[in-house]
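Source: prediction; values computed, not measured. Whatever order the structure lists them in is the order used to number ligands and atoms, beginning at 1.
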Amino acid sequence: MSTTQKPLSLLINIIFFLLLLSPSISTNDPTPANWPHQFHALLFMNRTNTLQNLHLWYDWPNGRNFNIIQDQLNAVVKYDLEWNNGTSFVYTLHPSNQHCEVLHVDVGILRPNWMEGANYLGQERVDNFLCNVWEKVDFIWYYEDVITKTPVKWIFYTGIELLTF
Ligand SMILES: *[C@@H]1O[C@H](CO)[C@@H](O)[C@H](O)[C@H]1NC(C)=O
Ligand SMILES: *[C@@H]1O[C@H](CO)[C@@H](O)[C@H](O)[C@H]1NC(C)=O
């Protein structure tokens, strides 16, 4: 009996040791701060040939994300109200251009910890801010102020660049 137990307990010890060891290997890299559950942010969105001003009203407890978007030198404001059940209402209220579109997005709105599991790439300066930089699934590059942990910039794989103000 005892001869068969020994190799087994050794194996269990090794597994436990590895389990305890493995999380500590990766904790040296900084991780992105979770988003506050409710906030308002002013952003500038830069994509090829379009510069837009964007007010983001993030409201996780109520499952909604409201973007108010305005092109440079254009009076027409676009509202994009996204619900966590996947329904988005994109509309304008300007008399010259009134319309509403209902879209369905399978993933819903971004979770407060949506950058969890991102790969740390190191530090980089963005304008006057020293930032930690992460990349996630070749989809997004995320820049966060090293000291305040405030997001400074994020770039989507499509080339769309968002800057916080
Ligand atoms: C917008 O993006 C282009 C191309 O990536 C870049 O050359 C330009 O400096 C950016 N503009 C701003 C205001 O960040
Ligand atoms: C999602 O929620 C919004 C707000 O309550 C509602 O207007 C919309 O119809 C819902 N969509 C679905 C598919 O249930």
Atom OH of Tyr143 and atom CD1 of Ile155: how far apart are they, to the nearest 0.5 Å? 4.0 Å

Hey, what do you get for CG (Leu43) to CH2 (Trp154), rounding to the nearest 0.5 Å? 5.0 Å

Thr87 heavy atoms, cut-off 4.0 Å: which ligand 2 atoms fall inside? 1 (C), 10 (C), 11 (N), 12 (C), 13 (C)

One finds that the ligand 2 atoms under 4.0 Å from a non-hydrogen atom of Phe89 are 7 (O)

A side-chain contact here means heavy atoms from C-beta on lying under 4.5 Å apart; do Gln52 and Arg47 qualify? yes

Is the ring pair Tyr142/Trp134 parallel, tilted or perpendicular, if the boundaries are 30 and 60 degrees? tilted

Protein heavy atom under 4.0 Å of atom 9 (O) of ligand 2: no

I need the nearest protein heavy-atom contact for atom 6 (C) of ligand 2: residue, atom name and distance, please. Asn85 ND2, 4.3 Å

